[in-house]
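Naming: A, B, ... by sequence-line order, numbering from 1 per chain. Since we're looking at a predicted model, the values are computed, not measured.
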Amino acid sequence: MNFVLLNPLFTWLLPLVAAPVIFHLFLRIRKRQRPFSTLMFFQRISPRLSARRKVKEWLVLLLRTLLILFLLLALLRPVWYGVGSTGGVAQVIVIDNSGSMAGIARGDKTKMQVAVEAAQALIGGQREKDSVAVVLLVNDPNVTLPTGLTSDKKEKSELLGAVTRIKETEASGAIQQTFERAIAMFENSASPRFEIHILTDTQEVEWNKAPVGLRNPRSGTGVYVHRITTLATANANVAVTGLALPEKKILVGRKFPLRVELRNTSEIDGSVRLNWADDLGNKGTQEVPVPKREDKTVVLGFEPATPGIHWVNVWVEGDGFPSDNKAAAAFSTTEKRPVLFVGKDEDFGLFPMAISPSGDGRFSGLLPVFVTPAELVKAIDEKKPALVAVNWAAMGAVAGDSAAAATLKVWVERGGSLFVGPSSLGGGPPTPTIEWLGATPEPLVQAEQGFPVLAFQKGAAVFVELKDERGDIFLRNLKAFKFHPLKLEEKTTALFGLEDGRAFLAERAVGKGLVFTCGLALDPLWSTLPLKGGFLALAQSMALLGGEAGEENLVSLTAGDRLLTVPPGATNLHLQSITGNLLDWKGEPNKRPIFPLAGVYAAQLGAQTIYASVRSSPREGEAQFVKGATVPALGTVAHVVRTFDNADAILAEVRKLSRAVDFFLPALLLGFLCLMIEGFLANAKPMKPVAPPAKPNPLDGATVAKPDEFGFMKVSVKPPEKAAVKA
Amino acid sequence: MSTSAYKFLPPQFADRLRGLGLGVRGRVEGGTQGAHRSPHQGASVEFSDFREYVRGDSPQLIDWSVYARSDKYVIRRYQEETSLRAFVLLDTSESMAFKEEGAHTKMDYACYLAAGFMYILCSQADSAGLVIFNEGIKNSFPPVRSIANLRPLLLALEGIKPTGRSNIEDVLHKMAEQVKTRSLFIVISDCLADSTSILRGVRHMHHNGHEVTMLQVLDPAEMYLNFTGLAELKELETGERMVIEVDDLKDAYAAEVQRFIGELRKGCLDCRGDYQLVSTKAEIDDVIRARATMV
């Protein structure tokens with residue numbers, strides 16, 4: 001048996017009960033003061049009247065306090081469950097199907113299986129006049145449930161079947177939205193009582209967050225959280241926290257690294273097997289030890305053989321919790337890409353050789369192509385280069401041609417990379433020049449013995465493949481013999497320069513593309529940079545960095561997310577899984593479901609296809625659960641938290657709860673009674689003093705005779721009776 | 001004497017009082033020949049009684065006509081007539097400052113009454129004294145016989161300021177002991193004290209042969225509460241406060257006042273004294289006239 005306030009918000013008004021006392025003690029009616037000759041007569045009559053008046057005053061005060069108390073009680077709707085009887089009950093069963101429910105509850109049963117059994121017991125235990133609905137914490141599009149309460153026997157039977165199909169997802173749930181979906185089901189229900197049963201493990205990542213503006217359920221609703229406890233596991237839990245593709249263009253025939261980020265979220269050292277498979281049938285596996293509470297990154301190498309969209313699946317085996325072990329990534333590859341050198345071969349020193357050591361694009365996927373400034377516009381349009389390298393002499397010609405300059409700028413803004421530097425043969429800075437380069441060359445500086453060169457921004461993307469394990473850049477002991485120092489603008493980043501701060505290689509982002517401005521020619525006569533082994537990686541990085549057309553169609557999500565945006569005007573959305581969980585959903589874009597499981601999904605919106613790479617939610621593996629008697633995620637909603645024992649116990653408890661006494665009407669009647677008595681007392685006629693007993697007149701009953709001859713009258717008085725004397 | 005200077009005895013008031021007389025029920029002892037009966041026999045025209053002649057009596061006093069009829073020597077005796085000595089006892093306690101419905105404060109009203117009575121007494125060749133009291137005797141003026149000699153008494157009335165608390169009983173006891181000759185005491189007060197104690201003083205006076213006329217001056221608002229609602233009353237003499245719901249107590253209050261007045265009236269009458277309830281709303285002339293015509 002328990003006592004529940006159905007409208008606990010009104011407890012805030014409880015201090016109002018003290019209002020009559022406060023008014024009585026501190027805010028009495030302003031009295032008129034008046035001087036008076038004597039209080040003697042009042043003191044003679046008041047001892048009786050005053051005492052009676054005071055008793056009356058306190059009685060009225062008590063009644064007023066009780067009146068407010070009973071009215072508040074009526075508003076609070078106290079219900080004593082476990083006694084009495086009532087009509088049908090509308091039940092909404094909220095099943096937590098988030099990833100954490102994959103944990104073991106008891107024996108070999110997962111929490112999800114236990115929750116499903118409890119839900120089946122609740123549905124099976126329904127009486128004829130009861131109605132029921134099931135709501136999932138993670139709205140899994142693979143499980144179809146009725147959208148409202150059902151009291152039909154056949155529909156309940158179907159619901160039982162649907163419940164058996166509920167599996168844990170790899171996503172985190174949204175408590176507030178789910179709860180509001182649950183209470184919305186009661187809106188049109190005619191049942192006198194409503195119950196929400198939440199079957200969950202109360203994992204902290206979901207249930208420990210206070211809601212913002214959570215609606216209170218309809219009055220008469222009891223909310224019961226059945227906490228399914230988690231069995232401690234002896235295995236470590238290693239989660240896949242991310243898949244990182246290189247921030248470069250991925251080209252066919254060019255190997256690229258895929259970084260798999262792992263995290264051991266447990267207090268046990270773990271060793272897991274990391275598996276991967278791609279769309280071309282390539283697969284691999286390796287053992288990865290991950291110490292407790294540590295992150296680990298594993299780099300996998302891939303070499304796409306064909307252009308187009310590819311995917312790779314990564315998953316972990318051998319740990320204690322499966323729902324945070326998966327990730328998938330989709331990526332786009334293109335054929336070999338040309339690098340346009342605007343000018344002659346001898347103008348660029350060793351730069352073309354660094355772009356393609358073999359000269360035909362093997363190994364690097366980049367093919368050098370030499371064009372004149374006049375051919376630049378056409379070449380950009382036709383060849384779709386990865387990089388355009390322009391020497392200063394050619395840049396003057398391009399800058400002088402407004403159409404060529406505009407085409408170049410648009411191309412860079414869309415993701416192209418532009419390299420501008422002096423010719424190996426010498427020559428001054430370009431005249432005219434392009435404003436948006438972000439750096440202006442200054443007069444040449446020379447030194448036969450050379451200037452020591454430093455890398456300024458080691459964190460720059462262009463240096464990513466030039467770092468050793470300690471994070472240092474391979475390019476050491478560099479010397480520059482002659483260079484044009486660069487005067488940098490605000491948003492331009494210096495990459496290489498001298499110890500005194502003078503820079504000769506700088507980078508600037510323009511739109512999605514990059515502009516590299518160099519103050520020296522990539523020729524051994526100018527510096528030792530082209531002679532270093534890392535020079536190839538640096539040159540190719542400059543070509544491969546920057547965006548790529550079509551990349552906006554690749555999105556990376558976590559299970560539980562939905563496509564953030566859809567193109568305006570799209571009317572039909574078709575979601576299909578490419579790898580991983582099976583999903584095939586069609587409908588209006590604004591009703592698009594979440595992705596409940598890891599995998600790669602294709603979202604078809606008319607002619608456009610968006611590829612979503614979804615990984616499991618790593619938070620679901622955290623083994624912290626809300627333990628108190630209340631659940632913060634339910635905010636101010638009155639609820640009861642019970643530790644789940646077994647399905648039979650929950651059914652017995654629910655049957656007991658179905659009997660209840662509602663104190664609304666009794667409280668209201670008592671309040672009305674108080675009001676009546678208070679009104680009677682407060683408006684009663686003033687009391688009159690009790691008159692003192694009259695003294696007996698000795699002449700009462702006397703008889704007077706006629707006057708005698710002397711004029712005297714004889715008065716005869718009867719002696720008073722005994723009773724009169726006593727009085 | 002010009003009366004225009006007196007606040008409480010303006011000429012018109014004095015004119016209206018002219019011709020009125022004030023008498024007493026019992027015998028009094030005045031210092032001079034007057035119009036009131038004395039307890040002593042003496043030379044006058046008012047026959048008193050006979051007594052047997054004894055040795056030492058003047059033979060001239062023998063009633064020879066009686067001797068002729070009865071052969072006994074008897075002497076005819078006559079009632080002595082004397083003047084009246086009256087004292088006006090004026091209560092000046094702070095409660096006398098109360099004024100609600102009346103035209104004057106009770107103090108002013110009492111002063112008019114005192115002046116009026118003293119004027120009447122002097123006009124009929126009696127003597128009038130004045131005793132001003134509150135907790136005790138504050139000031140006293142021995143009886144004067146002429147209107148001209150009333151001046152200090154009338155001026156004293158003008159200087160009165162109601163202060164302090166009232167103790168009528170004590171004053172009555174003192175005056176009963178101090179005044180040896182049978183006199184008239186006109187007590188002008190609101191008598192807002194325990195009726196038993198007041199009447200003890202009155203009985204003392206009566207026992208000593210004095211005659212008491214009690215004039216209880218009350219504002220109409222004191223007899224019945226003329227306001228309503230919740231009020232905090234402050235007693236003038238003590239400063240004591242009391243919160244009352246007037247509507248609840250109105251009837252009980254009026255009944256209690258009537259009971260008190262009844263006690264005082266009965267007590268005074270029991271001692272052969274006079275009692276007169278005076279409302280400050282009443283015409284002063286009428287009040288004086290009512291007492292003056294009592295004899």
Side-chain angles (χ1 to χ4, degrees), chain A residues 20 23-61 63-64 678-700 702 710 715 717 727, chain B residues 91 93-100 105-107 162 165-166 189-195 217-219 221-263 266 280:
Chain A
F23 283 128
H24 182 83
L25 296 179
F26 302 109
L27 303 170
R28 306 190 79 160
I29 301 167
R30 186 176 286 275
K31 301 177 286 285
R32 282 173 297 158
Q33 287 195 354
R34 57 169 67 227
F36 203 69
S37 54
T38 182
L39 302 179
M40 181 176 74
F41 302 116
F42 297 108
Q43 284 160 349
R44 286 184 186 180
I45 58 172
S46 69
R48 288 191 304 274
L49 289 180
S50 168
R52 284 158 67 186
R53 195 170 65 245
K54 276 182 182 168
V55 168
K56 193 178 94 172
E57 271 180 15
W58 284 107
L59 200 58
V60 168
L61 177 66
L63 285 167
R64 285 174 183 166
E678 190 268 347
F680 174 75
L681 283 180
N683 298 308
K685 286 182 180 175
M687 289 169 282
K688 291 182 178 174
V690 179
K695 288 179 184 173
N697 188 345
L699 293 178
D700 284 350
F710 302 104
V715 178
V717 180
Chain B
D91 183 1
S93 63
E94 202 165 347
S95 64
M96 293 293 283
F98 183 73
K99 171 179 175 288
E100 181 78 28
T105 64
K106 291 195 288 183
M107 190 73 255
R165 306 175 69 168
S166 171
S189 168
D190 52 10
C191 298
L192 296 178
D194 181 27
S195 60
V217 181
L218 291 177
D219 190 282
E222 289 176 303
M223 290 185 267
Y224 56 88
L225 300 174
N226 65 339
F227 47 92
T228 57
L230 194 66
E232 185 177 26
L233 302 182
K234 181 188 174 189
E235 192 175 67
L236 287 172
E237 290 186 10
T238 61
E240 190 183 345
R241 290 165 190 271
M242 180 183 274
V243 178
I244 59 159
E245 177 61 52
V246 179
D247 299 326
D248 286 0
L249 298 177
K250 214 167 202 172
D251 295 344
Y253 177 86
E256 186 61 33
V257 172
Q258 289 305 319
R259 195 177 65 79
F260 176 76
I261 291 170
E263 282 176 6
K266 184 172 181 301
T280 53

Legend entry - Distance-only donor-acceptor check, side chains B:Glu240 and A:Gln43, under 3.5 Å: yes
Inset, instruction - Could you tell me which residues satisfy ring-ring contact (aromatic ring centres under 6.0 Å, His included) with A:Phe36, sequence neighbours excluded, listed by chain and number? - result: A:Phe42, B:Phe98
Legend entry - Interface moiety of B:Lys250 toward chain A, non-hydrogen atoms closer than 4.5 Å: neither
Inset, instruction - Provide the closest heavy-atom pair for A:Ser37 versus B:Ser95 in the form atom of the first, atom of the second, distance. - result: O-CB, 3.7 Å
Inset, instruction - With rounding to the nearest 0.5 Å, note down the distance linking CE in A:Met40 to SG in B:Cys191. - result: 9.5 Å
Inset, instruction - Could you tell me which portion of B:Asp219 (side chain, backbone, both or neither) has an atom closer than 4.5 angstrom to a non-hydrogen atom of chain A? - result: neither
Inset, instruction - Spell out, as yes or no, whether a donor-acceptor pair under 3.5 Å connects the side chain of B:Glu235 to the backbone of A:Leu39. - result: yes
Legend entry - Region of B:Ala97 in contact with chain A, defined by heavy-atom distances below 4.5 Å: neither
Legend entry - Proximal component of B:Glu94, with respect to chain A [non-hydrogen, under 4.5 Å]: neither
